[in-house]
Amino acid sequence: MIKKLCNALMVCVAMVIVTFSLLITQANPAFLQNNLLSKRLFAYSLLNNFSNVIVGVLLILIGYQIKGNIKLIKKYAYIYVVNLLIFIGLFLWTRSFTIQNLYDAVLPITRNTYPVVLGAISALLIKDKLKNWFKKYKFSVILGGYTIAFTLPSLFNKDILGLGNGNNIITAFSLVALGIACSNVEIDKLHIDKKAITLMSIGVIVNVVLALFMPYISLKAHGDFSTAYRFNVLTSISVVAMSIVIFIVGQRLKINIKIPEYTGLLALLVYSNNFIVEKTVNGSMSLKVLLFKSCIVSIIVLVLGWLLARIDEREHILERKLSLNDEKTIVPWISEIIVKMINYIKNHKHNLINIVILYTLAYCSFIFMSPHLTSPHMDGDKYTSIFFFAFL
C-alpha cells in the first residue's frame, strides 16, 4: 500500500511539473516577454527543460512497461471520448471555442490534435514486431543510432527527420520504441563501466548547463531570447540523453515506478492538446494560480485514469464489436475489419446508393445557386467551399 501511494505521489509530482511548465508557456507572463534576465526566467528555463525530460522518461516507460496488443485501439477510443468530454467541460467553463477547436476534438487523427498519444499507441500496436527487430542489434548500437538521429537536428538546427519540437507522432513513436528496445535488455544487470558512467554524467551536466545558460547566451548573441529554449524541447539530444540516464538509473536502483496505462495516455493527452492548456490558463497570469491549476489538472488525470481502468475491466462491448482480443495482431485485425466493411457495403448497397444520390443532388443545388462554388461561413465575412459546406 505504501509503495502504491509513493508511486502515485511521484507520478502526481511529475505531472504537476509538466503541466505547470505548459501553463506558464501558454500564459506568457511578463518575465518571458521582455528581454531582461531574471531569476524567474532561469527558473522557468530549468522547469521547462525538466518537464520535457519527464515526458521523455514517460514515453520510454510506456514502451518498457505496457503490454502491446490489439486492445490498445479500445484505449484510444476511450481517450477520444474523454477528450470530447473535456472539450465540452472546458467550453462550459470558459464559454468560448472556435470551429477549429470543434474540428480538432471530433477529427483528432486528420486534425493531428494529440499526435503524441497516437504515436505512442502506434508503437505499442506493433510492439512484438519491434522487439524482434531490435533483437538483431546490440543495445549499444541502438543507442548510437538514437544519438545520431537526435544530435543532428540539435547541432545544425535542420529538422531533416520532421521531429519538430517533439509534439508529433514520429518523436513519440521513436521514444516508445526505445523503451521497447530496453525491454529486450535486463537493465538492472546491464554492465556499466566507468566510461559509460562518465558519458551519462556528462549528458546530465550538459543538459542542466544548457537549460540554465541558453537564455544568457541567446541574449548576448542575438539581443533577444529567440534561441533561449532551443534545447528545451523533447527532440533535443540533451533532453533525450537525460531521459535515458534517468530511466537506466531508476531501473538499476530498482525504483519501480508503475505507469498506469490510462494515466500515462491522459498525461500525454494534456501535453499534446493545446486546447486543454489554453482553456486551463483562461487568461490567468499569476504563477500561484497556475500552480494551483496544475495541481487540479494532475489530480483529475489520476482520477480519470483510475476510472477508465475500472471501466475497461468491466466493459467488453467495444471489444466484441471490433473483434479485439489478445491473440490477434494488427495486420490480421485490419484484414478482418476490411472484410467486414466490404460485406457491410454489399449488404447495404441500396441504402448507400440513396445517400450518394442525395448528396449529389445537394451539391448540384449549391452549384446552381453559387457560381463561385462558395458559401458564407458561419463567422460572417469568410467563405467556405460549398462541397465541404454541403457535406456537413
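As the structure is a prediction and not an experimental result, all values here were calculated from the model.
Under the 3.5 Å distance criterion, with hydrogens and angles disregarded, a donor-acceptor pair is assigned to the side chains of Tyr44 and Thr25. Under the 3.5 Å distance criterion, with hydrogens and angles disregarded, a donor-acceptor pair is assigned to the side chains of Asn48 and Ser21. A donor atom on one side chain and an acceptor atom on the other are found under 3.5 Å apart for Ser218 and Thr227. Neither side chain, Asn35 nor Asp224, offers a donor N or O lying under 3.5 Å from an acceptor on the other. Residues Asn83 and Tyr78 have side chains that never bring a donor and an acceptor to within less than 3.5 angstrom of each other.
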Discussion item. Between Ile79 and Leu268, is the side-chain contact (heavy atoms from CB on, under 4.5 Å) condition met? List the steps.
Written reply: CA-CA 10 Å; Ile79 295 296; Leu268 295 179; over 6 Å; no
Worksheet item: Are Leu234 and Val240 close enough, and set up right, to give a side-chain contact (heavy atoms from CB on, under 4.5 Å), and what steps lead you there?
Response: CA-CA 7 Å; Leu234 191 55; Val240 174; 5.8 Å; no
Practice prompt. Decide side-chain contact (heavy atoms from CB on, under 4.5 Å) for Ser38 and Leu41; before the verdict, give the C-alpha distance in whole Å, the side-chain angles of both, and the deciding distance to 0.1 Å.
Written response: CA-CA 5 Å; Ser38 64; Leu41 181 68; 3.5 Å; yes
Discussion item. With side-chain contact (heavy atoms from CB on, under 4.5 Å) as the criterion, how do Val18 and Asn52 come out once you've worked through the C-alpha distance, each side chain's angles and the decisive distance to 0.1 Å?
Written reply: CA-CA 7 Å; Val18 174; Asn52 283 286; over 6 Å; no
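Side-chain contact check for Val249 versus Arg252: every heavy-atom pair is 4.5 Å or farther apart. By the 4.5 Å heavy-atom criterion applied to side chains, Ser201 and Val204 are not counted as neighbours. Contact annotation: the side chain of Asn112 approaches that of Ile169 to within less than 4.5 Å [non-hydrogen atoms, C-beta and beyond]. Side-chain contact between Leu37 and Tyr216 is present, with heavy atoms from C-beta onward closer than 4.5 Å. Considering only heavy atoms from C-beta on, Leu178 comes within 4.5 Å of Leu143 through its side chain. Contact annotation: the side chain of Val270 never approaches that of Leu266 to less than 4.5 Å [non-hydrogen atoms, C-beta and beyond]. Side-chain contact between Asn232 and Val239 is absent, with no heavy-atom pair separated by less than 4.5 Å. Between Lys67 and Leu124, the closest side-chain pair of non-hydrogen atoms is not below 4.5 Å.
Among Asn274, Thr280, Leu290, Val281, the single residue meeting the side chain to side chain contact (heavy atoms under 4.5 Å, CB included) criterion with Gln26 is Val281.
Here the straight-line distance linking atom CG of Leu302 with atom CE of Met15 works out to 8.0 Å at 0.5 Å rounding. Rounded to the nearest 0.5 angstrom, Lys74 NZ and Asn69 CG are separated by 10.5 Å. With values rounded to the nearest 0.5 angstrom, Ile237 atom CD1 is found 7.0 Å from Ile244 atom CD1. Met200 contributes atom CE, which lies 11.0 Å from atom CE of Met242 (distance to the nearest 0.5 angstrom). Residue Asn101 holds its CG atom at 6.0 Å from NZ of Lys279, rounded to the nearest 0.5 Å. The CG atom of Leu130 lies 12.0 Å from the NZ atom of Lys135; values are rounded to the nearest 0.5 Å.
Side-chain atoms of Asn34 come within 3.5 Å of backbone N or O of Ala30 as a donor-acceptor pair. The backbone N or O of Tyr262 lies less than 3.5 Å from no partner atom in the side chain of Lys75, so there is not a single donor-acceptor pair. Counting only distance, with no hydrogens or angles, the side chain of Ser45 and the backbone of Ala211 share a donor-acceptor pair below 3.5 Å. Formation of a donor-acceptor pair under 3.5 Å by the Tyr146 side chain with backbone atoms of Ser174 is found in this model. Of the possible donor and acceptor atoms, one in the side chain of His316 sits under 3.5 Å from a partner among the backbone N and O of Glu313. Between the side chain of Gln65 and the backbone N or O of Ile259, at least one donor-acceptor pair lies under 3.5 Å. Using a distance-only test at 3.5 Å, with no hydrogens or angles considered, no donor-acceptor pair links the side chain of Thr263 to the main chain of Gly305. Side-chain atoms of Asn184 come within 3.5 Å of backbone N or O of Lys131 as a donor-acceptor pair. Not a single donor-acceptor pair under 3.5 Å links the side chain of Asn28 to the backbone N or O of Ile24. Remark: the backbone N or O of Gly203 is not paired with any side-chain donor or acceptor of Asn207 at under 3.5 angstrom.
No chain of hydrophobic side-chain contacts below 4.5 Å, direct or via other Ile, Leu, Val, Met, Phe, Trp or Tyr residues, connects Tyr344 to Ile334. By the criterion of side-chain heavy atoms lying less than 4.5 angstrom apart, applied directly or through intervening Ile, Leu, Val, Met, Phe, Trp or Tyr residues, Val297 is not grouped with Met285; the two fall into different hydrophobic clusters. Ile345 and Val356 fall into different hydrophobic clusters, where Ile, Leu, Val, Met, Phe, Trp and Tyr are joined by side-chain heavy atoms under 4.5 Å apart, directly or via other members. The hydrophobic cluster containing Val209 also contains Val53, counting ILVMFWY residues as joined when their side-chain heavy atoms lie under 4.5 angstrom apart, directly or transitively. When the side chains of ILVMFWY residues are joined at heavy-atom separations under 4.5 Å, either directly or via intervening members, Trp306 and Leu265 end up in two distinct hydrophobic clusters.
Tyr114 and Tyr76 have tilted rings, their planes meeting at an angle from 30° to 60° on a 0 to 90° scale. The aromatic rings of Phe87 and Phe275 sit tilted relative to each other, their planes meeting at an angle between 30° and 60°.
Contact record, Leu287 with Phe20: O-CE1, 3.5 Å, taken as the closest heavy-atom pair. Closest of all the heavy-atom pairs between Val277 and Leu22 is CG1-O, 3.6 Å. Residue Thr19 comes nearest to Ser298 through the heavy atom pair OG1-OG, 4.2 Å, listed as atom of the first residue, atom of the second, then distance. Residue Ala105 comes nearest to Thr113 through the heavy atom pair N-OG1, 4.5 Å, listed as atom of the first residue, atom of the second, then distance. Between Ser183 and Lys127, the closest heavy-atom pair is OG-CE, 4.4 Å. Closest heavy-atom contact between Cys295 and Val16: CA-CG2, 4.0 Å.
Residue Phe139 qualifies as enclosed at atom CZ: its count of foreign heavy atoms under 6.0 Å is above 12. Environment of CG in Leu9: crowded, with over 12 heavy atoms of neighbouring residues, nucleotides or ligands closer than 6.0 Å. More than 12 non-hydrogen atoms from other residues, nucleotides or ligands lie less than 6.0 angstrom from NZ of Lys340. Surrounding CZ of Arg40 are at most 12 heavy atoms belonging to other residues, nucleotides or ligands under 6.0 Å away.
Residues Phe247 and Tyr64 place their aromatic rings such that the two centres sit under 6.0 Å apart.
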